[in-house]
Asker: 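The structure under discussion is supplied below as structure tokens; questions concerning it will follow.
From a predicted model like this one, the values you see are computed outputs, not experimental measurements.
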Amino acid sequence: LTRLNSDIQTAINVMNAPGNMVHLTVALLNTVLSSLLLLFESGLLFWVTWLCILPHLFINYQLVIKSVPAYKKEAQQAMAENTAALEPLITEAETILIYEAEELVLRQYEKASRKLLRANLAMHLRQALSSSIFQLFGQGGYFLLLLIGYGLIYNEIMTNGMLKTGYDG
């Protein structure tokens, strides 16, 4: 039942997530058009932008995207074990009390709960790492582009309007 609920929730999330084909097509088209516009305005800014984006994508893929499915599977298995450990507490409470096995059953439930906690924590830490990588390369790259843009404007190679057009792409 836990597996079925998880699979149904996954299907709902996929349908509602911005990762479906329509969103992917629009994002790809926007990326290509923005890149062409930026390349037309300034080849230097274009290459600096892509030198920030590519490491971001590579590191995020290596450290986060590849590992999250394994952590999700581990969390799903831990949830099944947790549910299996909880079931006797609910359905067999009288038997547990008769044989004075409360401590044993509670220890098994605690062990399963800690495993679930560790699996979820590992997954959330990877997702937090993804946010940190975004801040480093995304915001850091934007700051780098602003500094380079300032230099281009200061040296009268580009106007503020041209720079804004390239950024807004």
Side-chain angles (χ1 to χ4, degrees), residues 1-35 38 46-147 167 169:
L1 184 62
T2 301
R3 173 111 179 142
L4 178 61
N5 285 338
S6 177
D7 290 346
I8 290 171
Q9 188 62 42
T10 300
I12 290 170
N13 290 339
V14 166
M15 286 186 259
N16 292 330
N20 63 34
M21 191 55 83
V22 174
H23 287 92
L24 183 63
T25 304
V26 170
L28 185 61
L29 185 63
N30 282 340
T31 301
V32 169
L33 291 177
S34 296
S35 294
L38 188 59
F46 171 82
W47 289 112
V48 169
T49 299
W50 280 99
L51 286 176
C52 292
I53 291 173
L54 293 176
H56 171 245
L57 293 175
F58 178 74
I59 292 171
N60 202 25
Y61 176 77
Q62 291 296 324
L63 295 178
V64 180
I65 295 172
K66 279 175 57 175
S67 63
V68 167
Y71 286 126
K72 281 186 178 183
K73 186 175 182 179
E74 184 180 329
Q76 190 176 35
Q77 289 172 343
M79 176 62 90
E81 289 175 21
N82 191 303
T83 303
L86 178 63
E87 186 179 358
L89 287 170
I90 297 169
T91 60
E92 305 296 330
E94 291 178 14
T95 307
I96 292 170
L97 288 173
I98 290 172
Y99 289 104
E100 297 178 352
E102 302 97 350
E103 190 174 321
L104 174 68
V105 174
L106 286 173
R107 236 182 292 127
Q108 288 174 337
Y109 179 68
E110 180 183 4
K111 183 179 174 185
S113 294
R114 287 185 188 276
K115 184 176 179 182
L116 176 61
L117 176 68
R118 281 190 298 274
N120 282 329
L121 185 60
M123 186 171 50
H124 290 299
L125 283 173
R126 290 297 175 141
Q127 290 169 342
L129 180 62
S130 177
S131 296
S132 299
I133 292 168
F134 171 75
Q135 293 300 322
L136 177 65
F137 288 102
Q139 302 300 326
Y142 190 71
F143 181 69
L144 182 63
L145 286 173
L146 287 176
L147 286 177
Y167 282 151

Asker: Under a 4.5 Å cut-off applied to non-hydrogen side-chain atoms, are Leu146 and Tyr142 in contact?
Answerer: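 Yes, their side chains come closer than 4.5 Å.
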Asker: Using the rule side chain to side chain contact (heavy atoms under 4.5 Å, CB included), only one of Leu136, Leu129, Ile133 pairs with Ile59; which is it?
Answerer: Ile133
Asker: When you compare the side chain of Gln77 with that of Lys73, does any pair of heavy atoms fall below 4.5 Å?
Answerer: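 With C-beta onward as the side chain, the pair touches.
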Asker: Who passes side-chain contact (heavy atoms from CB on, under 4.5 Å) against Leu86, sequence neighbours left out?
Answerer: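 Leu86 satisfies side-chain contact (heavy atoms from CB on, under 4.5 Å) with Leu89, Ile90, Tyr109 once adjacent residues are dropped.
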Asker: Return the minimal non-hydrogen interatomic distance between Met79 and Leu116, and the atom names on each side.
Answerer: N-CD1, 3.8 Å
Asker: Specify the closest pair of heavy atoms between Ala112 and Ala85, including all atoms of both residues, with the distance to one decimal.
Answerer: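 Between these two residues, the closest heavy atoms are CB-CB, 4.1 Å.
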Asker: Of all residues at least two apart in sequence or in a different chain, which pass the side-chain contact (heavy atoms from CB on, under 4.5 Å) check with Gln139?
Answerer: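 Gln139 satisfies side-chain contact (heavy atoms from CB on, under 4.5 Å) with Phe134, Gln135 once adjacent residues are dropped.
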Asker: Can you name the residues that form a salt bridge (charged side-chain N to carboxylate O under 4.0 Å, His left out) with Glu81, not counting sequence neighbours?
Answerer: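 So Glu81 forms a salt bridge (charged side-chain N to carboxylate O under 4.0 Å, His left out) with Lys115.
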Asker: Got a sec, which residues hit side-chain contact (heavy atoms from CB on, under 4.5 Å) with Glu87, two or more places apart in sequence or on another chain?
Answerer: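 Expected list: Thr91.
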Asker: Please list every donor-acceptor pair under 3.5 Å in which a side-chain atom of residues 62-69 meets a protein atom from a residue at least two apart or in another chain.
Answerer:
unit_1 : atom_1 : unit_2 : atom_2 : d
Gln62  : OE1    : Lys66  : NZ     : 3.3
Ser67  : OG     : Leu63  : O      : 3.1
Ser67  : OG     : Val64  : O      : 3.1

Asker: Among all residues two or more places apart in sequence or in another chain, which pass the side-chain contact (heavy atoms from CB on, under 4.5 Å) test with Trp50?
Answerer: Thr31, Ser35, Phe46, Ile53, Leu54
Asker: Measure from the side-chain N and O atoms of Ser130 to the backbone N and O of Arg126, and report whether any donor-acceptor pair falls under 3.5 Å.
Answerer: no
